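First the structure, in the form of structure tokens, and then the observations on it.
Note that the numbering runs from 1 along the sequence shown for the chain. Predicted, not measured: the structure shown is a model, and the values here were computed from it.
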Amino acid sequence: MTARRSGNEGAGVPEGFDLTMALMDCLPVLFFSISAGILAYRLKSTLFGVGIFLVILAGAMKAGWKFVIALRKKDVPFLNRQMRVLMPAGFVLALAALITDRNRWSPAAVMRHMTAFPAVIFFLAGVAGLFTLVFFARHLDHRDAAANWKEQMVNGITQFCVMLGIIF
């Protein structure tokens, strides 16, 4: 459970991945989609929208990987591995949009929003969750069901907190 992630993606079907886990994996994707949709609506940037679409697609495909494992007892490695490409590419495009479309948003207004109560509480919880997820990424085996539950619970709570911070 605390083993470092290994490159054993093709080592058979992970055990313990059930329908409940697959459904739980959809929650962070849903919360991120709501957050990103709000930001995309406010920014009105095509580049940002494309980047966020790639991130959401990566998350949905990863959730799909768990559904295939849970329902068909089959490992489709592409559904898992694609995250290494799609998610970073999406975030790079979204960041590029923030730079190229900097006249569409105000860093001062964003800081005022992020530091206002109650948003600041949710954003601080989100940052703590992100650090925890980085730790998990380095120290847990993502093909282990117990480790996966930990990751998904923290990811769900993290994305929920960030979403609430954006809403409030």
Side-chain angles (χ1 to χ4, degrees), residues 4-7 9 22-67 76-143 147-148 150-168:
R4 233 169 149 43
R5 288 182 187 242
S6 59
E9 280 86 1
L23 289 168
M24 177 68 145
D25 204 34
C26 293
L27 289 177
V29 178
L30 173 65
F31 298 147
F32 180 83
S33 297
I34 293 168
S35 299
I38 292 168
L39 296 176
Y41 175 77
R42 291 176 183 167
L43 189 59
K44 295 179 181 20
S45 166
T46 302
L47 185 60
F48 186 83
V50 169
I52 292 307
F53 172 78
L54 291 177
V55 174
I56 294 168
L57 179 63
M61 289 174 71
K62 174 75 179 270
W65 174 68
K66 290 182 183 174
F67 275 104
V76 181
F78 169 76
L79 292 174
N80 183 24
R81 291 183 189 156
Q82 55 71 32
M83 283 191 72
R84 299 176 188 166
V85 176
L86 287 182
M87 194 164 283
F91 278 123
V92 165
L93 289 177
L95 180 60
L98 293 177
I99 294 167
T100 61
D101 297 327
R102 64 186 168 274
N103 61 331
R104 297 182 184 194
W105 64 283
S106 162
V110 170
M111 285 306 294
R112 275 192 307 274
H113 176 81
M114 291 180 69
T115 57
F117 187 82
V120 67
I121 302 299
F122 295 118
F123 285 126
L124 288 173
V127 168
L130 289 174
F131 279 111
T132 303
L133 288 169
V134 168
F135 175 82
F136 285 171
R138 294 179 181 207
H139 298 286
L140 298 181
D141 178 3
H142 73 281
R143 294 177 63 87
N148 228 280
K150 287 179 187 176
E151 288 177 332
Q152 286 318 307
M153 284 191 276
V154 170
N155 193 14
I157 292 167
T158 298
Q159 294 302 329
F160 185 69
C161 287
V162 170
M163 179 188 75
L164 290 178
I166 289 171
I167 290 171
F168 291 119

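- Residues Ala97 and Phe48 approach most closely at CB-N, 3.3 Å, considering heavy atoms.
- Ring orientation note: the planes of His113 and Phe123 are nearly perpendicular, at an angle over 60° on the 30°/60° scale.
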Verdict with reasoning, His142 to Phe136, per side-chain contact (heavy atoms from CB on, under 4.5 Å)
CA-CA 9 Å; His142 73 281; Phe136 285 171; over 6 Å; no

Starting from the C-alpha separation in whole Å, work towards a yes-or-no answer on side-chain contact (heavy atoms from CB on, under 4.5 Å) for Leu23 and Phe67.
CA-CA 8 Å; Leu23 289 168; Phe67 275 104; 3.7 Å; yes

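- Between Ala125 and Cys161, the shortest heavy-atom contact is CB-SG, 3.8 Å.
- Side-chain atoms of Glu151 never come within 3.5 Å of backbone atoms of Leu133 as a donor-acceptor pair (strictly under, hydrogens ignored).
- The two residues Leu140 and Ala147 have their closest heavy-atom pair at CB-CB, 3.8 Å.
- Closest heavy-atom contact between Leu43 and Asp101: CD1-O, 4.4 Å.
- How far CE of Met24 is from CG of Leu27: 6.0 Å, rounded to the nearest 0.5 Å.
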Is there a side-chain contact (heavy atoms from CB on, under 4.5 Å) between Leu95 and Phe91? Walk through the geometry before answering.
CA-CA 6 Å; Leu95 180 60; Phe91 278 123; over 6 Å; no

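- For the pair Arg42 (side chain) and Leu39 (backbone), a donor-acceptor distance under 3.5 Å is absent.
- With rounding to the nearest 0.5 angstrom, the CZ atom of Phe168 is 16.0 Å from the CE atom of Met114.
- Using a 4.5 Å cut-off on side-chain heavy atoms (C-beta onward), Met83 and Met61 make no contact.
- Between the CD1 atom in Ile52 and the OG atom in Ser33 there is a gap of 9.5 Å [rounded to 0.5 Å].
- Side-chain atoms of Trp105 come within 3.5 Å of backbone atoms of Leu98 as a donor-acceptor pair (strictly under, hydrogens ignored).
- The nearest pair of heavy atoms linking Val29 to Asp25 is CG2-O, 3.7 Å.
- Atom CG of Asn155 sits about 10.5 Å away from atom CZ of Phe32, to the nearest 0.5 Å.
- No more than 12 heavy atoms of other residues, nucleotides or ligands shown are found within 6.0 angstrom of CZ on Phe160.
- No side-chain donor-acceptor contact under 3.5 Å links Asn80 to the backbone of Lys62.
- Remark: Thr132 OG1 to Lys150 NZ distance equals 12.0 Å, nearest 0.5 Å.
- The shortest side-chain heavy-atom distance between Val85 and Gln82 does not fall under the 4.5 Å cut-off.
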Test side-chain contact (heavy atoms from CB on, under 4.5 Å) on Thr158 and Phe31 and set out the steps.
CA-CA 9 Å; Thr158 298; Phe31 298 147; over 6 Å; no

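- The two residues Ala58 and Met87 have their closest heavy-atom pair at CB-N, 3.9 Å.
- Two residues are said to be in side-chain contact when any heavy atoms from C-beta on lie closer than 4.5 Å; Val134 and Leu130 fail this criterion.
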